[in-house]
Amino acid sequence: MPLVPLKQVLDEAIKGNYGVGAYNVNNMEQIQGIMRAASETKSPVIIQASRGALKYTNMAYIKYLAAAAVEDNPDIPIVLHLDHGNSLETCKLAIELGFTSVMIDGSLKEDSKTPTNFEENVAVTTEVVNYAHKLGVSVEGELGTLGGIEDGVGSGAVKLTDPDEAARFIKLTGVDALALAIGTSHGAYKFKAKPTLALDIINKVVEKIPGVPLVMHGSSSVPKELIEVINKYGGKLEKTMGVPIESIQEAIKRGIRKINVDTDGRLAMTGAVRKHLSEHLDVFDPRAYFGAAREAVYQIVKGKMIDFGTSGHAGDYKPMTLEDMKTAYQ
Ligand code: G3H
Ligand code: 13P
Ligand code: ZN
């Protein structure tokens, strides 16, 4: 089957009350590890590339690696999604490459640093929706800015999503999915202790606008064991905590459908490479340690596909094409 639109995959996740992981990719081993996990667990999957990933892969490589994933896994619905697009131009670029879904992160200006106001966010998001929907491509928006909450106290940088604004935002822009800020943050250093996420925001948004899939960024769990492997074999990562799987499962019950994971894959690969090279001092064949990294990605992603409830759902529906979506949007 060709790459499928995000909208269909998330609408189906609403029907089945499960979550779908969106895994960041930059190279062949990550894609192969994720696709092996999807194939074995029969899970639909979202593979997503950031602007950094587009640059790293010189764009053509990500396009053809995704095509290889499709060819190799004809029974798995695969979405190719742009993560944190910063402008209409970047979204256009991804769509030209064949992405079936784009995120326009209008919560920040084009520099990806300065927060925007509500009106600016609505303006850029609407522009992208108008462009993408004509081509059948799905759009994810974001409202609120990510940050950490520890013991219920927000850090300075957090702007949690206001549910009333979220409802207005969805109506004004027509986005297919909305990323909420509920207290998570990107990267390995999220929390110092078990976090309390603002999960009630999810219920409030679902109450106001049922049927719109919600997205949780910064969802890596940062497993202690992965940090320990990295540090055992020469790494120097500080003690940290991620988002516990029980919190993600609770978020899914309440209406989160897309769960963004990058850091856990990075940690898994780094630990595997460090371990392999430390234990095999004579090795200089990259297939040995990149193979170990691929295996580690497979293991961590397989666990998430089971934990998020994605497993077993690959064959639930007949995949839609972008042509089908063009008609649906009209
Ligand atoms: O949300 C950001 C993702 O973790 C991508 O990170 O820009 O380093 O590729 P990156
Ligand atoms: P993590 O850093 O928690 O993996 O989050 C990734 C993410 O949100 C990508 O958009
Ligand atoms: Zn993100």
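Residue indices begin at 1 and follow the sequence shown. Worth saying up front: this structure is predicted, and the values here are computed from it rather than measured. Just follow the structure's listing: the first ligand is 1, and inside any ligand the first atom is 1.
Considering backbone and side-chain N/O atoms, Asn24 never comes within less than 3.5 Å of an N/O atom of ligand 2. Taking any N or O of Val261, backbone or side chain, none lies under 3.5 Å from an N or O belonging to ligand 2. Remark: ligand 2 and His186 share an N or O pair separated by less than 3.5 Å (distance only, no angle test). Residue His186 places at least one N or O, backbone or side chain, under 3.5 Å from an N or O of ligand 1.
With ligand atoms numbered from 1 in the order given, ligand 2 contributes 1 (P), 3 (O), 5 (O), 7 (C), 8 (O) to contacts under 4.0 Å with heavy atoms of Gly218. Against a heavy-atom cut-off of under 4.0 Å, Asp262 is close to the following atoms of ligand 1: 3 (C), 4 (O), 5 (C), 6 (O). Every atom of ligand 2 is numbered from 1 in the order shown, and the set under 4.0 Å from a heavy atom of His84 is 10 (O). Applying the 4.0 Å criterion to heavy atoms of Asp262 picks out, from ligand 2, the atoms 1 (P), 4 (O), 6 (C). For ligand 2, the atoms closer than 4.0 angstrom to any heavy atom of His217 are 8 (O), 10 (O). Each of the following atoms of ligand 1 lies closer than 4.0 Å to a heavy atom of Asn24: 3 (C), 5 (C). Annotation for ligand 2: atoms under 4.0 Å from non-hydrogen atoms of Gly187 are 2 (O).
Contacts between His84 and ligand 1 below 4.0 angstrom, taking non-hydrogen atoms only, involve the side chain exclusively. Residue-level proximity to ligand 1 for Asp83 is carried by the side chain, the only part with a heavy atom below 4.0 angstrom. For Arg266, every heavy-atom contact with ligand 1 shorter than 4.0 Å involves the side chain, none the backbone. Residue Thr263 does not touch ligand 1, judged by heavy-atom distances below 4.0 Å. The proximity of Ser50 to ligand 2, defined as any non-hydrogen pair under 4.0 Å, does not occur for either the backbone or the side chain.
Taking atom 2 (O) of ligand 2 as the reference point, the nearest protein heavy-atom neighbour is Thr263 OG1, 2.6 Å. Scanning all protein heavy atoms for the shortest distance to atom 9 (O) of ligand 1 gives Ser50 OG, 2.6 Å. Atom 9 (C) of ligand 2 has as its closest protein heavy atom Asp83 OD2, 3.2 Å.
Side-chain contact between Glu142 and Leu146 is present, with heavy atoms from C-beta onward closer than 4.5 Å. A 4.5 Å side-chain heavy-atom check between Ile202 and Leu199 finds at least one atom pair inside the cut-off. For the pair Met35/Val45, a side-chain contact is recorded, criterion being any heavy-atom separation below 4.5 Å from C-beta on. The shortest side-chain heavy-atom distance between Phe308 and Ile248 falls under the 4.5 Å cut-off.
When distances from the Zn ion (ligand 3) to the N, O or S atoms of His217 are compared, ND1 comes out shortest.
Aromatic ring centres of Tyr289 and His276 lie farther apart than the 6.0 Å criterion allows. With ring centers used as reference points, His81 lies 6.0 Å or more from Phe99.
Cation-pi geometry between Arg168 and Phe118 is met: under 6.0 angstrom from the ring centre, within 45 degrees of the axis. By the 6.0 Å and 45° rule, Lys134 does not stack over the aromatic ring of Tyr329.
With hydrophobic clusters built from ILVMFWY side chains whose heavy atoms lie under 4.5 angstrom apart, Val222 shares a cluster with Tyr23.
Computed with the Zn ion (ligand 3) at the centre, the His186 NE2 to His84 NE2 angle is 100°, stated to 10 degrees.
In this structure, NE2 in His84 is found 9.0 Å from CG in Asp262, a value given to the nearest 0.5 Å. Between the OH atom in Tyr61 and the CG atom in Asn27 there is a gap of 13.5 Å [rounded to 0.5 Å]. Within the model, atoms CD of Gln8 and CG of Leu322 stand 11.0 Å from one another, a figure rounded to the nearest 0.5 Å. With values rounded to the nearest 0.5 angstrom, Asn73 atom CG is found 11.0 Å from Ile31 atom CD1.
Lys190 counts as a contact of ligand 2, since one of its heavy atoms falls under 4.0 Å from the ligand.
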